[in-house]
Amino acid sequence: MRSMARRIPYRFLGVRLRLTPLGIRRLENFRANRRGYWSLVIFLWLFGISLFAEFLANDRPICIRYDGRFYFPVFFTYPETTFGGDFPTEADYRDPFVRAAIEEKGWILWPPIPYRYDTVIRDLPGPAPSPPSWQNPLGTDDQARDVLARVIYGFRISVLFGLVLTLASSIIGIAAGAIQGYAGGWVDLLFQRFIEIWSGLPVLYLLIILASIFTPSFWLLLTIMLLFSWMSLVGVVRAEFLRVRNFEFVRAARALGVSNLVIMFRHILPNAMVSALTFLPFILNGSITTLTSLDFLGFGLPPGSPSLGELLAQGKNNLHAPWLGITGFVVLATILSLLVFVGEAVRDAMDPRKTFR
């Protein structure tokens with residue numbers, strides 16, 4: 001019956017979709033929650049901008065026209081000899097000699113912020129960390145790096161880390177909950193005892209210990225956190241499968257010889273996804289918070305990586321530079337607040353009292 005449902009064209013956030021009347025009603029309920037809807041718009045807008053961080057904050061020009069030819073240092077590396085220099089090493093585009101040589105036979109298109117997240121600024125008016133100025137709108141940190149550039153890159157890596165972790169943990173958690181709830185019996189009993197033992201472990205301490213043993217990296221940290229974050233949706237999916245597995249349509253499918261795998265993921269899983277989707281924004285929220293906590297404690301991403309937690313740690317260590325702590329707090333509070341508002345709107349959209357009213 002689900003495959004025979006009439007699908008209607010519907011446009012949401014500029015994307016043309018073909019949805020069932022029930023799906024359209026849920027999106028209309030989501031749109032009716034103005035706070036959650038505009039939070040999603042703002043979050044997607046900020047995340048979309050951060051994906052092009054190299055074009056917004058970079059110590060390399062976006063485009064160079066020199067001697068009738070175009071060069072794109074943001075994508076490729078060029079030696080200094082390409083622009084009339086003396087050394088075969090990579091060109092330092094902030095060097096006055098290189099800039100003068102290029103501008104003599106062409107022009108340079110710089111990003112709005114001429115610093116990368118790891119660019120050390122050497123012409124500061126005072127010792128680092130320096131206060132906000134026209135050159136550095138959010139000031140610099142204690143290593144003379146532009147705070148605004150690090151915020152843009154840190155926002156991107158935090159959200160990407162949270163999205164990948166949320167997607168991977170949701171897939172594992174939904175599959176585990178589906179098997180546990182559909183099988184029941186000893187499978188359900190043994191799986192529940194394992195989850196109770198595994199969830200009782202001190203997660204943060206284990207993450208700190210493992211991060212201190214191994215050399216931290218993006219994927220290693222993601223794998224370590226995935227070991228403990230997959231249990232978020234197991235209980236919700238398990239409860240839905242335990243409730244639905246003895247319904248009449250499931251019994252009819254078994255009588256017709258439909259395989260258990262098809263019954264689980266085609267007939268029962270769509271019912272479980274309704275409750276699972278409401279948890280996804282909050283799981284993403286928790287993933288970003290955990291990464292920020294590890295970075296704040298010094299057990300997160302490799303040293304020098306753009307990180308909101310590292311920015312908060314610098315604010316704690318440099319109380320005479322309040323712009324560091326205030327910037328980290330405002331950015332992190334904005335991300336988490338937007339995701340919470342989106343989660344509330346998704347919860348209202350999936351509420352059957354509003355959907356079938």
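Quick note: residue numbers are just sequence positions, from 1.
Shortest non-hydrogen contact noted between L277 and P281 is O-CD, 3.6 Å. Shown here for S229 and L165, the closest heavy-atom pair between the two residues is OG-CD1, 3.4 Å.
Side-chain N or O atoms of N58 include one that pairs as donor or acceptor with a backbone N or O of R60 at under 3.5 Å. One N or O on the side chain of Q314 and one on the backbone of D142 form a donor-acceptor pair closer than 3.5 Å. R150 contributes a side-chain N or O that, together with a main-chain N or O of Y117, makes up a donor-acceptor pair within less than 3.5 Å.
Every residue two or more places apart in sequence or in another chain was checked for a side-chain hydrogen bond (donor to acceptor under 3.5 Å, both in side chains) with E248, and none qualifies.
Checked by atom type, the side-chain pair Y115/Q135 shows a donor-acceptor distance below 3.5 Å. N136 and D146 share a side-chain donor-acceptor pair at under 3.5 Å. With no hydrogens or angles considered, no side-chain donor-acceptor pair links D59 and Y93 at under 3.5 Å.
Geometrically, R35 engages F341 in a cation-pi contact, judged by NZ or CZ lying under 6.0 Å from the ring centre and within 45° of the ring axis.
A salt bridge does not link R25 to E28: none of the charged side-chain nitrogens sits closer than 4.0 Å to a carboxylate oxygen. Salt-bridge check for R193 with E196: passed, with a basic side-chain N closer than 4.0 Å to an acidic carboxylate O.
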**Report entry** Working for side-chain contact (heavy atoms from CB on, under 4.5 Å), residues L220 and F218
**Finding:** CA-CA 6 Å; L220 177 61; F218 181 91; over 6 Å; no

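Between Y66 and F83, the ring-plane angle classifies as perpendicular under the 30° and 60° cut-offs. Between F70 and F72, the ring planes lie parallel to each other; the angle is under 30°, not in the 30° to 60° tilted range.
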